[in-house]
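One structure is given below, encoded as C-alpha cells.
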Number of protein chains: 2
Amino acid sequence: MSRFSRLQRESSEIYPGSESDGYKSKNLVTERNRRTRIKTGLFSLSARVPKISKMDKAAILGDAIDYISELLKDVKNLRDEIKNAEEEECRASNMELKTSKLETCQKGCMSSTKVNQDPSGFVKKERTEVQLEVDQIGKRHFLLKFLCEKKRGGFGRLMETIHSLGLQIHDANITTFNGKFLNILKIES
Amino acid sequence: MSRFSRLQRESSEIYPGSESDGYKSKNLVTERNRRTRIKTGLFSLSARVPKISKMDKAAILGDAIDYISELLKDVKNLRDEIKNAEEEECRASNMELKTSKLETCQKGCMSSTKVNQDPSGFVKKERTEVQLEVDQIGKRHFLLKFLCEKKRGGFGRLMETIHSLGLQIHDANITTFNGKFLNILKIES
DNA sequence: GCGTACACGTGATGC
DNA sequence: TGCATCACGTGTACG
C-alpha cells in the first residue's frame, strides 16, 4: 500500500503539492529555503575569500579558514609593528633624558670677567643655578648635559671654555625654553 | 520497468549493501565522507569565529562573513594608522631640510681680527668656502643653515657674531663630519 | 502538533 | 567508463 502510494506520488508529484497539498510540502519548501540560505551564505563567503583553490563546498570552507588565519596573523603583525614603532620612538626620545637625572649643583655661571648686559646698565654678578651632568661614552668621548639660565653670550663663552680646556665639540644640541638654556654636547678630549 | 526495479531495490535494500553490494554503496560512502568533510569544515570554521549567534549552518556562515569583514576593517585601520604615523614622522624629520638646498657662496670665514691657532704658530687668514642659507619661518624668526670648515673656536665666534647682531638663538643643532661643520640654527631678530 | 534544523540516501551532472 | 560533487526529497529529533 505504501509502495503504491509512494509510486503514485513519484509519478504524479513531479511538482509537489498537486494532490495531497499540505502533506510534506511544508517541510519540502522550508528545506529548500534552508538549502538556499546555506548555499547563498557559502557563495557569499567564497566571494570574500581571495584565495580559492576549488569551488567545492569543503574547499570553500577550508579556504575561508585559511583566510581568517591569515588575517589574524596580519592583524597581529601590524599590532606588533605599531607597538615596536611606538616603543622605539619613546625610547629614542627618552634615550638621553631617562638615563639619569640631571644633578643639581651650585656653580658660578660666570667664568670670566665679562658682566651681564642689563638694560638698566646695572652690573650683575649673581650666582646662578646650574644643572650639569657628564657621561663618558667612549675612551675619549663624553656626553655633557648642561642646563642653566639663558644669558646673552653665555653660549659662546661656554664654547670658549670648552675649547680652552682642549676639548673638541663633535655634536651639539641646544634648545631654549622658559628662559632656560639646555645643551647636550658630545665632546672629545 | 524502472519503477519496478526501483521498488525492488527500495524494498530489499533497507540496509544498503546486503544484496547487490557494490551497487550504490560506493557513492553512498563517498557521499558520507563528503558530508563529514563539509561538516568538519563548518565546525572548524565556527571554532575560529568568536561571535556566534546560533549554531545553525547558515548562521555560522553569516557570522564567519561578518568576522572576515571585521578583520578586514581592523587591518585597514591599522594600516592607516601606521601610514599616518610614518607620514607624520617623515614630515617632521624633513620639515626643515627639504625646503631648499643649501646655496654655495664665497665668503670670508674670518669675521674678526682673531687668527687661527695653528700648531706651527703660522698665522693663517685664508679664505674658506662657506655654504649658507637663511629661511624666514616667521615674522621675526629665521632658520639659518651654515656649513663650513671646522675650526677651533669658530663656533664660539659665530655665536658672538650672531649675538653682536642683536639676534637671539632659540635652538641649535650642530654636527661635525669630514672636518666640516654644519649648523642649523633657529634665531629671532 | 508545529516549525526548524539536520543527516541521510539517491539521481543527476561534469570531468 | 568511474569518480567526485551537488541538489533533492524525506525521515527524524528537538524545542
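Residue numbers begin at 1 in each chain, while the letters A, B, ... track the order of the sequences.
Side-chain N/O atoms of B/Glu31 and base N/O atoms of C/dC8 include no donor-acceptor pair closer than 3.5 Å.
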Hey, can you pull the donor-acceptor pairs under 3.5 Å for the side chains in residues 44-55 of chain B, sequence neighbours left out?
| unit_1 | atom_1 | unit_2 | atom_2 | d |
| --- | --- | --- | --- | --- |
| B/Ser44 | OG | B/Arg48 | NH1 | 3.0 |
| B/Ser46 | OG | B/Phe43 | O | 2.7 |
| B/Arg48 | NH1 | B/Ser44 | O | 3.4 |
| B/Ser53 | OG | B/Asp63 | OD1 | 3.4 |
| B/Ser53 | OG | B/Asp63 | OD2 | 3.1 |
| B/Lys54 | NZ | B/Asp56 | OD2 | 3.0 |

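Taking atom CG of B/Asn27 as the reference point, atom P of C/dG9 lies 11 Å away to the nearest angstrom. Distance A/Lys26 NZ to C/dG1 C1': 12 Å, rounded to the nearest Å.
A salt bridge does not link B/Glu87 with B/Lys83: every distance from a Lys NZ or Arg NE/NH1/NH2 to an Asp or Glu carboxylate oxygen is 4.0 Å or more.
Heavy-atom distances under 4.0 Å link DNA chain C to no residue of residues 51-68 of chain A. Taken residue by residue, residues 33-46 of chain B places heavy atoms nearer than 4.0 Å to DNA chain C at B/Arg35, B/Lys39.
A/Thr175 places no side-chain N or O within donor-acceptor distance of the main-chain N or O of B/Asp171, the cut-off being under 3.5 Å.
Scanning for side chain to side chain contact (heavy atoms under 4.5 Å, CB included) contacts around B/Lys57 gives A/Arg34, A/Ile38, B/Leu42, with sequence neighbours left out. A search for side chain to side chain contact (heavy atoms under 4.5 Å, CB included) contacts involving B/Glu86 returns B/Ile82, not counting sequence neighbours. Here A/Asp74 pairs with B/Val75 under the side chain to side chain contact (heavy atoms under 4.5 Å, CB included) rule; sequence neighbours left out.
Residue B/Arg32 places none of its side-chain N or O atoms closer than 4.0 Å to OP1 or OP2 of C/dA7.
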side-chain contact (heavy atoms from CB on, under 4.5 Å), that's the test. Do B/Leu72 and A/Tyr67 meet it? Break it down for me. CA-CA 11 Å; B/Leu72 280 176; A/Tyr67 186 48; 3.5 Å; yes

Using the side-chain contact (heavy atoms from CB on, under 4.5 Å) rule, take B/Leu182 and B/Phe177 through it: C-alpha gap first, then chi angles, then the decisive distance, then the call. CA-CA 8 Å; B/Leu182 174 64; B/Phe177 59 95; 3.9 Å; yes

